[in-house]
Asker: 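Okay, here's the structure, questions in a sec.
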Amino acid sequence: MNLKGKHLIDPNDLTLEELDSVFTLAQDMEKEPAKYENLCSGKILATLFYEPSTRTRLSFESAMLRMGGNILGFADANTSSVRKGESISDTIRVLDGYSDIAVIRHPREGAPKLASNFSAVPVINGGDGGHQHPTQTLTDLLTIKNLKGEIKNLRVALCGDLKYGRTVHSLIKTLSRYEGMSFCLISPPQLKMPSYIKEYVANEYNVEIVETENLEDVINEVDILYMTRIQKERFFNEEDYLKLKNSYILTRDKIKDSRSDMLIMHPLPRVNEIDYSVDDDQRAVYFKQAKYGVYVRMSLMAHLLGVI
Amino acid sequence: MLTVNSIEKGIVIDHIKSGNGLKIFDKMNLSKVDFPVVLLMNVPSKALGKKDIIKIQDKIDIDFTMLGLIDPNISINIIENNEIVEKKKVELPQRVKGLFKCDNPRCVSNNDIYATPEFTLVDKNNVKYKCEFCDDFTKYKI
């Protein structure tokens with residue numbers, strides 16, 4: 001599978017075969033990490049984080065370090081030339097001379113795509129505003145594959161902020177490409193999934209989508225419950241955020257009659273949407289999910305750098 | 001009765017929906033040209049009831065994409081030696097670059113000079129376009 005030099009801006013930039021190749025290598029990287037510890041020796045990852053991040057940035061950095069590579073970049077746009085007014089295209093054109101691959105997170109939707117238009121090295125979208133987060137989707141898919149065996153014939157509930165939640169936008173777009181998938185979208189009316197995504201998956205993949213405001217309506221009939229945080233940073237005014245922030249809180253009591261093999265997933269960080277008492281439940285897999293994120297990013301970078 | 005002479009050589013933009021003529025006139029910057037141009041408004045029309053017409057006494061390059069966006073039903077007649085030598089229809093363009101802005105305020109195309117807004121038509125009836133940067137829909141309004 002030759003993905004050398006490709007960008008990953010949208011989860012659909014990779015075919016299902018290419019995704020499978022990324023997952024297979026990620027699984028082997030988890031099993032036998034020593035085999036890969038010098039795979040990216042001499043390679044440099046540039047991390048361009050114009051917006052705060054913990055998991056995504058650190059998992060990318062961990063991934064590159066575990067393969068023997070190096071990292072450079074910034075974690076805060078205020079400490080870089082961006083503050084002086086430098087455009088994304090100028091930054092990436094300079095940074096691609098310093099690195100072999102770049103990951104960019106940006107509050108503006110489409111910014112990584114713009115960067116990829118000017119970059120000579122592979123650009124990975126590390127999350128752009130409320131738009132897409134393809135590497136979280138790779139993490140989510142690897143989690144499902146590892147814990148369910150295959151990605152097929154699953155009923156998936158996406159709950160919380162479906163309007164601004166980039167993780168769910170990428171996830172539904174990608175899961176819809178697999179066989180026999182159906183979706184329950186649970187959100188308050190103000191945070192419903194944008195029509196451009198619903199129309200896209202319905203027209204392209206003919207998937208069944210049910211929308212509801214009540215988590216309890218569907219919680220006992222789904223294979224995967226994907227919770228998301230109501231994101232304060234996406235609201236233009238705090239009053240709207242405060243009205244909605246406690247819309248859905250998952251407790252042990254709510255999942256008592258759910259399927260025994262249901263997966264409770266969350267891209268993290270959580271605030272209060274999953275009660276801490278749920279963490280001990282065997283169905284809660286969000287910390288495993290975070291760990292898989294490192295292996296899948298290792299595999300992705302190895303593919304895009306063409307070192308495997 | 002208002003009389004407007006025919007033109008010997010030039011372009012006639014016909015079947016413009018009544019009211020759109022002035023907008024096209026503005027978009028084409030016809031108020032700034034130094035050759036004769038005429039804008040006729042509310043001309044009786046069998047097909048449209050009323051229509052606008054623009055006559056340009058010169059052969060100029062016309063942006064068909066822009067005209068198609070404003071009014072996909074208009075027709076363009078190329079005139080030479082007082083005769084129509086070519087008739088052209090415009091249509092709603094499948095792809096549009098740089099002619100209008102993305103409705104999504106968070107889109108990079110509204111915030112970076114290098115990100116020229118670019119769209120693909122997704123719904124002809126509602127003139128709805130998908131942004132190449134943020135994927136969101138923008139309904140083109142004249």
Side-chain angles (χ1 to χ4, degrees), chain A residues 9-13 50-51 77 82 85-93 104-119 123 125 127-134 163-166 169-170 172-173 193-204 231 233-237, chain B residues 17 20 23 27 61 63-73 89-142:
Chain A
I9 304 302
D10 183 284
N12 286 8
D13 289 341
Y50 292 78
E51 196 181 61
V82 175
E86 186 174 56
S87 75
I88 299 158
S89 52
D90 282 3
T91 307
I92 194 76
R93 277 182 285 192
I104 175 168
R105 166 167 292 191
H106 203 285
R108 296 287 174 205
E109 297 171 12
K113 185 183 172 77
L114 176 65
S116 73
N117 291 344
F118 291 91
S119 176
V123 172
N125 180 358
D128 57 333
H131 183 216
Q132 298 286 328
H133 196 347
K163 184 178 181 183
Y164 302 114
R166 57 192 170 205
H169 298 168
S170 288
I172 192 169
K173 214 171 163 182
M193 186 163 283
S195 58
Y196 76 85
I197 297 173
K198 286 185 289 192
E199 281 183 31
Y200 175 80
V201 296
N203 295 339
E204 288 288 315
Q231 303 173 93
E233 64 272 28
R234 304 276 169 244
F235 285 83
F236 284 126
N237 81 62
Chain B
K17 192 177 156 194
N20 281 352
K23 293 169 187 168
K27 291 261 182 191
D61 286 334
D63 183 349
F64 286 89
T65 310
M66 187 270 288
L67 287 181
L69 258 182
I70 296 174
D71 189 343
N73 299 311
K89 289 291 287 179
V90 296
E91 54 184 35
L92 207 54
Q94 279 300 319
R95 289 181 70 81
V96 181
K97 192 172 181 178
L99 290 180
F100 56 90
K101 283 178 154 189
C102 179
D103 280 348
N104 175 4
R106 286 176 292 274
C107 179
V108 71
S109 68
N110 285 316
N111 295 280
D112 193 299
I113 197 165
Y114 284 97
T116 308
E118 201 171 339
F119 302 89
T120 306
L121 183 66
V122 288
D123 181 348
K124 215 172 167 177
N125 295 330
N126 293 307
V127 197
K128 195 161 81 175
Y129 282 87
K130 183 170 88 79
C131 175
E132 291 296 299
F133 285 103
C134 72
D135 293 321
D136 212 343
F137 293 144
T138 289
K139 277 189 186 179
Y140 177 73
K141 293 171 284 298
I142 191 170

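In what follows, every chain begins at residue 1, and chains take the letters A, B, ... in the order their sequences are listed.
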Asker: From A:Tyr196 OH over to B:Cys134 SG, what is the distance, rounded to the nearest 0.5 angstrom?
Answerer: 6.5 Å

Asker: What part of A:Tyr200 is in contact with chain B, defined as an atom under 4.5 angstrom from a non-hydrogen atom: side chain, backbone, both or neither?
Answerer: neither

Asker: Quick one: are A:Asp90 and B:Tyr114 in side-chain contact, heavy atoms under 4.5 Å?
Answerer: yes

Asker: Once rounded to the nearest 0.5 Å, what's the spacing between atom CG of A:Leu114 and atom OG1 of B:Thr116?
Answerer: 9.0 Å

Asker: Going by heavy atoms in the side chains, are B:Asp112 and A:Arg108 under 4.5 Å from each other?
Answerer: no

Asker: If I measure from the heavy atoms of chain A, does B:Asp135 come under 4.5 Å with its side chain, its backbone, both, or neither?
Answerer: both

Asker: Are more than 12 heavy atoms from other residues, nucleotides or ligands located less than 6.0 Å from atom NZ of B:Lys89?
Answerer: yes

Asker: Can you establish whether the number of heavy atoms outside B:Glu91 located under 6.0 Å from its atom CD is more than 12?
Answerer: no

Asker: Is chain A contacted by the side chain of B:Asn104, its backbone, both, or neither, given a heavy-atom distance below 4.5 Å?
Answerer: side chain

Asker: Tell me if the NZ atom of B:Lys130 is crowded by more than 12 foreign heavy atoms within 6.0 Å.
Answerer: yes

Asker: For B:Phe133 versus A:His131, what's the shortest heavy-atom pair and its separation?
Answerer: O-CE1, 3.3 Å

Asker: Please classify the contact of A:Asn203 with chain B as side chain, backbone, both or neither, using a heavy-atom distance under 4.5 Å.
Answerer: neither

Asker: Chain A heavy atoms under 4.5 Å from B:Lys128: which part of the residue, side chain, backbone, both or neither?
Answerer: side chain

Asker: Given that the side chain runs from C-beta out, which part of B:Asp136 has a heavy atom under 4.5 Å from chain A: side chain, backbone, both or neither?
Answerer: both

Asker: Nearest 0.5 angstrom please: B:Cys107 SG to A:Lys113 NZ, how far?
Answerer: 11.0 Å

